[in-house]
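Worksheet: the structure to be examined is printed underneath.
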Amino acid sequence: MSEETPLIGLPYIMASQAQKHVTHNEALARLDALVQLAVTSRTRALPPEAPLEGERHIAGEGAGGPWTGLDGQVLVFSAGAWMALSPRAGWTAYVEDEAATLLHDGTDWRALAPARLNRLGLNTDADGHNRLAVKANGVLFSHDDVSGSGTGDVRAAFNKSAPGQDAGFAFQTGFSARALMGLYGDDDFRIKVSPDGAAFHDAIVVDRASGHVGIGRRPAHPLDVDGAIDAGALIARSQIGGVSWFGDIDGAKWSTKLGGYYLSFLSDGEDAANLEGGDIPFEGRPFRVKARLHPSGTMDLAGTARLAAMPTTASGANVYADGGGLLLRSTSSARYKREIEPLDMAYAEALLALRPVWYRSSAPADDPAFSWYGFLAEEVAAIDPRLVAFGYADEAYEVVEIEDETGRRPERRPRPGAVPEPRGVDYARFTVIHHALIAEMRETIAGLAARVAKLEGGGG
């Protein structure tokens, strides 16, 4: 026959045992220690210096002194000595200094948490509607690095029963909503605001099918704005680098793609519309726009389009676009030239080998029914690359994020290793070549005319 009970190890009174009261009292002491088990702490490695009769602890990790080797066991101070009780699976204990209830799983103590709660209030009361209620200065959700099964991710999901229902966040003042964010009334993502908690206005709508963004409305374009835009402020404060807009400005449809490529305007009504812009950071140089839009889609520039002063600026200089899309000025003053010498006529005469061609343009902006005359940039470059504007093909560019004193912004730049290629012929520079050739031919003709006159006059 066993001398102890199988569950909590109470000693049995044996047959013919002397001093049965000793065994009985020991059993009572164990019952007193284990029934309604509450311990002072579970972190101490050494016993307190002056324990009270009946004081209980769960020995902490690395226990020493009288508790050596008793980590995790229940220690009871009884009759002037510490009694150790080995916990078994299913034991529960209340830890007073943590205000926490523990459960022993057969190996170790762990926090007792029910598998399912009907409602939970943290520092406040939950109710039938708000089944989880929290009053705190902050709430933290972090990835699982405790259980051993964490993936490193953390995600909160909000699931609604049908598209017409709501799923989202509500931001309140005095328990009256002032902003909503989520899927409200349909499956488009919305940010809504309210002055009183009753009437709400769509601030931003993201179309679930296209990803288009609308400000004040459901979008029909990649960016759709309801109402007028302060275009001057928008353009003046915008960053360059592939950012696009489409919206209404005083009734006129307009779109821009900043980054040094194009600005386009399309009228949407009977009346012409005015667009006045501030200084646009156009490739690092201020560019002032004041335009009048017509129903035909044409645009009149009012005033001037001005580039900031550059070191080689000459008054009244021509402006042209280089192969990279930059607007540059052509200067002619001697102050901007060095190593000046007469043109070597061999360069001019070599260009006489160029073949003029007739062609139709494949550029989207050109009328496919029209035709032109000109040279091929590749053939001109093979003879004299100085008469050709070089640039990069569209596929040679990439958009990268850069950071400077103005903050982070995207910038379009050629990919590493990209090689510029002939993009256009600088026909203006042919003027110098033609002038030299005409002067040479004029001199030759004058010489021939003198000889003919001499022959006709009988001069021999």
Side-chain angles (χ1 to χ4, degrees), residues 2-13 22-128 130-150:
S2 174
E3 295 181 357
E4 293 182 342
T5 60
L7 299 179
I8 59 176
L10 300 180
Y12 284 123
I13 298 175
V22 175
T23 302
H24 179 68
N25 289 340
E26 182 181 350
L28 291 177
R30 292 196 181 194
L31 282 174
D32 186 55
L34 295 177
V35 175
Q36 301 295 336
L37 178 58
V39 299
T40 302
S41 72
R42 61 165 173 157
T43 57
R44 294 184 67 96
L46 295 172
E49 294 182 358
L52 301 175
E53 181 70 16
E55 186 171 338
R56 293 172 292 184
H57 294 267
I58 295 175
E61 184 177 355
W67 294 358
T68 300
L70 301 178
D71 298 22
Q73 294 197 28
V74 178
L75 282 303
V76 183
F77 191 72
S78 178
W82 289 101
M83 177 174 58
L85 302 172
S86 298
R88 301 188 184 188
W91 285 23
T92 58
Y94 178 75
V95 184
E96 295 173 356
D97 64 356
E98 298 180 24
T101 301
L102 305 180
L103 172 70
H104 201 277
D105 60 9
T107 301
D108 200 359
W109 294 98
R110 61 180 176 83
L112 176 63
R116 178 172 179 173
L117 289 175
N118 184 50
R119 64 185 62 172
L120 176 63
L122 301 180
N123 206 31
T124 187
D125 293 327
D127 55 38
N130 298 299
R131 293 184 178 273
L132 173 62
V134 180
K135 279 192 175 181
N137 291 329
V139 177
L140 171 66
F141 293 90
S142 181
H143 68 93
D144 180 3
D145 57 357
V146 177
S147 68
S149 61

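Nothing fancy with the numbering, it's 1 onward along the sequence.
For the pair Val95 and Thr40, the tightest heavy-atom approach, listed with the atom from each and the gap, is CG1-O, 4.4 Å. Across Ala38 and Glu96, no two heavy atoms sit closer than the pair CB-OE2, 4.1 Å. Annotation for Ala126 and Ala133: closest pair CA-CB, 4.0 Å, computed over non-hydrogen atoms. The two residues Thr107 and Asp105 have their closest heavy-atom pair at N-OD1, 2.8 Å.
Every residue meeting the side chain to side chain contact (heavy atoms under 4.5 Å, CB included) condition with Ser147, not counting sequence neighbours, appears here in chain and number order: Asp144, Ser149. Under the side-chain hydrogen bond (donor to acceptor under 3.5 Å, both in side chains) criterion, Glu98 pairs with Arg42, not counting sequence neighbours. In terms of the side-chain hydrogen bond (donor to acceptor under 3.5 Å, both in side chains) criterion, residue partners of Arg131 (sequence neighbours excluded) are, by chain and number, Asn118. For Asp125, the side chain to side chain contact (heavy atoms under 4.5 Å, CB included) criterion is met by no residue, not counting sequence neighbours.
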Side-chain polar contacts of residues 67-74 - donor-acceptor pairs under 3.5 angstrom, sequence neighbours left out - could you list them?
from	atom 1	to	atom 2	distance (Å)
Thr68	OG1	Gly65	N	3.1
Thr68	OG1	Gly65	O	2.7
Asp71	OD1	Ala63	N	3.2
Asp71	OD2	Gly62	N	2.7
Gln73	OE1	Ser86	OG	3.3

Please set out all donor-acceptor pairs under 3.5 angstrom arising from side-chain atoms of residues 46-55, sequence neighbours excluded.
from	atom 1	to	atom 2	distance (Å)
Glu53	OE1	Ala79	N	3.3
Glu53	OE2	Ala79	N	2.8
Glu55	OE1	Leu52	N	2.9
Glu55	OE2	His57	NE2	2.8

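Summarising the geometry, atom NZ belonging to Lys135 is positioned 12.5 Å from atom CG belonging to Leu122; distances are rounded to the nearest 0.5 Å. Atom CG in Leu37 sits 12.5 Å away from atom OH in Tyr94 (nearest 0.5 Å). In this structure, the separation between CG on Leu120 and CG on Asn130 is 12.5 Å, given to the nearest 0.5 Å.
Asp97 places no side-chain N or O within 3.5 Å of a backbone atom of Ser41 that could act as its donor or acceptor partner.
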